[in-house]
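Just so you know, residue 1 is the first one in the sequence shown, and it goes up from there. None of these values were measured; they are calculated from a predicted model. Values below: every heavy atom of this structure, side chains too, minus hydrogens, waters and symmetry copies.
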Amino acid sequence: MACAATDAVLRAGREHSASVRAADAAEHDVYTRTVAAGFEAPAELFGTLMGADLLAMPKATAYLAGPPDRPTGTGLLVRGSGVCVLFNIAVVPGARGHGLGRALTARAMSDGFAGGADTAVLISSPAGRALYESMGFRLVETWTAFTAAP
């Protein structure tokens, strides 16, 4: 999905917006645990993918949201030339449906546009598509994923 800066709808609830913060490299373990919980996957699945090196990259910003002592949402922004890419917008099951995913997405988009991007891009799950469309994203490509049977 893609969203031009001119089409972005960046409204989010005050309470959740205030709980979104940039995470630093020292918080990579907390980030990994939270993103894994948000995707309902074992943290081991992520290995070192969300490690300190990624969170310390100058063109990347990781976000944690929710209570400071137990975050319930994540996001990751990677800035490029004229574009920003959002990854890992994930909210743990018990915190979904209350605006935290919207607040994470709005913060990452705002930071990307403030950094010079004119377009934001992300890959959405079917569950997130309505949220992203309400924020100005439009479907530009469909990918098919094959998975093993349970």
With a 3.5 Å distance limit and no angle check, can you tell me whether [X] reaches the backbone of [Y] through a side-chain donor-acceptor pair?
X: R102; Y: A12; answer: no
X: T32; Y: D29; answer: no
X: T74; Y: N88; answer: yes
X: R138; Y: E133; answer: yes
X: R96; Y: G101; answer: no

In this structure, would V121 and L104 fall into the same cluster of hydrophobic residues linked by side-chain contacts under 4.5 Å?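 No, V121 and L104 fall in different hydrophobic clusters.
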Check the pair I89 / L131 against side chain to side chain contact (heavy atoms under 4.5 Å, CB included), numbers first and verdict last. CA-CA 11 Å; I89 304 296; L131 166 66; 5.6 Å; no
I need the D7 CG to T119 OG1 distance, nearest 0.5 Å.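 One finds 9.0 Å between CG of D7 and OG1 of T119.
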Quick one: are [X] and [Y] in side-chain contact, heavy atoms under 4.5 Å?
X: S134; Y: V9; result: no
X: R129; Y: L139; result: yes
X: M1; Y: M135; result: no
X: R79; Y: T61; result: yes

Quick one: closest heavy-atom pair of M109 and A120, and the distance?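 Smallest heavy-atom distance, with atoms named: CG-CB, 4.3 Å.
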Which heavy atom of C3 sits nearest a heavy atom of F113, and at what distance?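 For C3 and F113, the tightest heavy-atom pair comes out as O-CZ, 4.0 Å.
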